[in-house]
Amino acid sequence: MKLTLQTTAAAALLLASSLAAMADDTSINRIEPSTFGIDQAEIASIRSQMQAAVDGDHIAGALLLVGNNEGVGLLETVGTQGPDDATPVDEQTIFRIYSMTKPIVSVAAMSMVEDGLLSIDDPVGKYIPAFNSLEIIDQETGATRPAQNEMTVAHLLTHKSGLVQSIFAMGTTLGGMYEANVPSDGSATAREVADSLGNLPLLFEPGTAWHYGHSTDVLGAVLEVAAGQTLDVILNERIFEPLGMDETTFYVPTSKASRIAEPVHGAMSDNTIVRPMLSGGGGLNSTTEDYVRFAQMLLNDGEYNGARILEEDTLALMQEERITDDVSREYFFYGDRGGWSLGFHLQPVDASNPDGPSNFGWRGIGGTLFLVDPANDFFMIYMEQKRGGPRGAPFDNNVAQRVVYEAID
């Protein structure tokens, strides 16, 4: 076909239009680091520390990002996607975000509360009948007794359910029960796992203490029953599609396998193998570009680019402290520091003022972290994949949070 001036111009216009649409679709809009009070010397220092973790063979690569509703002011990457992968880490690298799944599922739960599909005061047994006859175990004797309190949806959101996890109960009678009765290989569905958990005793009366564990896995099963949909469909309809998070999935298509980050030490499960389990507690994979959309929505009071995921009042409710004086902190990871809300860890922005404003967010066992700080108008995301290896890494998600706050301060 002979190209005319008009067809060439039309093709150029179409290409320009396509490129503009792609640019508009990205969540990584760069702005000056000075927006956050971060200067070039601080950036160089942060990058040097990140690189030291790669050079010390702790991780293959990492990414650190700081942004707000204006854009992204800090985006530093080091290393590659894996020990045998020459592909540099970037905002499109796919990470197993593990427990950073929990805040997403918690937001979905609260959107269903807004729609009247469930209440945080509903008994879990309303949706999963196995939770209608709860028992409490005596850790010393192994004896059980009937529970006096009902487990509610709020207890699942706040980890005050009495549910734990075998990794946090090793060597105990209850830990052995978890290992023997709760499928951990992804071969059972979320509702089957919830049924198994409902038939096991609890560590304590619901509402009386905080303990990490399978609470959000059970919450995912509750959402499935309440919505009459599987958890992946619920998240797609309520969060991922409205926000444009099309890279966030429970299992990664093999066509995208070349973008998956891997650890230097140990091995992580093959997240391209589709299994029945859709884990609300830790099953999602995501990219930095995608998670920026979620974090920015939270910073912007529940809305992103015109898509409202939660009402402002609902998100404000989700940030209220739920480890009150009548709740034991015996098992809380941080002792007397910080707290927990309806789905998020709370940390005082100023450690010397525990009653001051807090940021909120959570982390994943594979090394990832995100937090949202409304008081200082920013969110941060740190991505790496780590499983085991030598201690004393010069950079990790704890260091990432510290150096960002030092730079901003």
Side-chain angles (χ1 to χ4, degrees), residues 99 101-136 147-165 190-191 193-194 197-198 200-227 231 234-235 238-239 279-282 298 302 309-334 338-346 358 360-362:
S99 288
T101 303
K102 290 181 172 73
I104 293 175
V105 172
S106 299
V107 166
M110 296 306 292
S111 78
M112 289 174 59
V113 169
E114 288 184 344
D115 289 347
L117 295 175
L118 77 160
S119 165
I120 64 172
D121 296 322
D122 282 342
V124 175
K126 175 181 177 180
Y127 305 97
I128 313 292
F131 285 85
N132 281 325
S133 301
L134 298 174
E135 294 190 331
I136 311 299
Q148 297 178 350
N149 297 347
E150 246 179 355
M151 185 192 299
T152 66
V153 172
H155 293 147
L156 297 177
L157 284 159
T158 56
H159 295 284
K160 296 188 296 185
S161 63
L163 292 166
V164 294
Q165 203 165 342
R191 291 179 64 179
V193 168
L197 289 164
L200 295 179
L202 304 175
L203 181 61
F204 51 80
E205 288 283 352
T208 63
W210 185 99
H211 199 301
Y212 207 56
H214 282 294
S215 289
T216 318
D217 283 327
V218 174
L219 178 63
V222 167
L223 300 191
E224 289 191 339
V225 176
L231 188 58
I234 293 169
L235 299 184
R238 293 182 171 273
I239 298 177
S279 170
L298 295 174
I309 306 302
L310 287 177
E311 297 298 327
E312 289 187 38
D313 289 348
T314 302
L315 188 54
L317 180 67
M318 291 187 73
Q319 296 171 57
E320 292 181 1
E321 170 66 90
R322 295 282 169 156
I323 308 181
T324 50
D325 291 341
D326 59 335
V327 177
S328 170
R329 288 175 172 259
E330 178 183 359
Y331 305 108
F332 188 53
F333 291 148
Y334 306 98
W340 199 270
S341 64
L342 285 170
F344 304 105
H345 178 211
L346 303 175
S358 293
F360 64 98
W362 195 223

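In this chain, numbering begins with 1 at the start of the sequence shown. Since the model is a prediction, treat every value here as computed from it, not as a measurement.
- Residues satisfying the side chain to side chain donor-acceptor pair (under 3.5 Å) test with Ser358, not counting sequence neighbours, are none.
- Aromatic rings from Trp340 and Tyr331 are positioned such that their centres are separated by 6.0 Å or more.
- Across Leu202 and Ser161, no two heavy atoms sit closer than the pair CD1-O, 3.6 Å.
- Remark: Leu317 engages Met110, Glu320, Arg322, Leu342 in a side-chain contact (heavy atoms from CB on, under 4.5 Å) (not counting sequence neighbours).
- The six-membered or imidazole ring of His345 lies away from that of Phe333, with a centre-to-centre distance of 6.0 Å or more.
- Scored by the side-chain contact (heavy atoms from CB on, under 4.5 Å) test, Thr101 finds Ile97, Val105, Leu284 as partners (sequence neighbours excluded).
- Residues passing the side chain to side chain donor-acceptor pair (under 3.5 Å) test with Glu135 are Thr144, sequence neighbours excluded.
- Residues passing the side chain to side chain donor-acceptor pair (under 3.5 Å) test with Trp210, sequence neighbours excluded: none.
- For Glu312, there are no salt bridge (charged side-chain N to carboxylate O under 4.0 Å, His left out) partners at least two apart in sequence or on another chain.
- Remark: Ala190 engages Ala221, Glu224, Met277 in a side-chain contact (heavy atoms from CB on, under 4.5 Å) (not counting sequence neighbours).
- Remark: Glu321 engages Arg329 in a salt bridge (charged side-chain N to carboxylate O under 4.0 Å, His left out) (not counting sequence neighbours).
- Partners of His214 by side chain to side chain donor-acceptor pair (under 3.5 Å), not counting sequence neighbours, listed by chain and number: Asp217.
- Checked against ring pair (Phe, Tyr, Trp, His ring centres under 6.0 Å), Phe131 has no partners two or more places apart in sequence or in another chain.
- Between Leu163 and Met151 the shortest side-chain heavy-atom distance falls below 4.5 Å.
- Remark: the Ser341 side chain and the Gln319 side chain contain no N/O donor-acceptor pair separated by less than 3.5 Å.
- Side chain of Thr158 to main chain of Ala154: a donor-acceptor pair is present (N/O by atom type, distance under 3.5 Å, no hydrogens or angles).
- In this structure, the side chain of Lys102 engages the main chain of Gly281 through a donor-acceptor pair within 3.5 Å.
- By the side-chain contact (heavy atoms from CB on, under 4.5 Å) test, Gln148 is found to be paired with Arg145, Glu205, residues two or more places apart in sequence or in another chain being considered.
- Across all non-hydrogen atoms, the minimal contact from Leu134 to Gly198 is CD2-O, 4.4 Å.
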Could you list the donor-acceptor pairs under 3.5 angstrom formed between side-chain atoms of residues 115-123 and any protein atom two or more places apart in sequence or on another chain?
residue, atom, partner, partner atom, Å
Asp115, OD2, Arg238, NH1, 2.9
Asp115, OD2, Arg238, NH2, 3.1
Ser119, OG, Asp121, N, 3.1
Asp122, OD2, Ser119, N, 2.9
Asp122, OD2, Tyr127, OH, 2.5

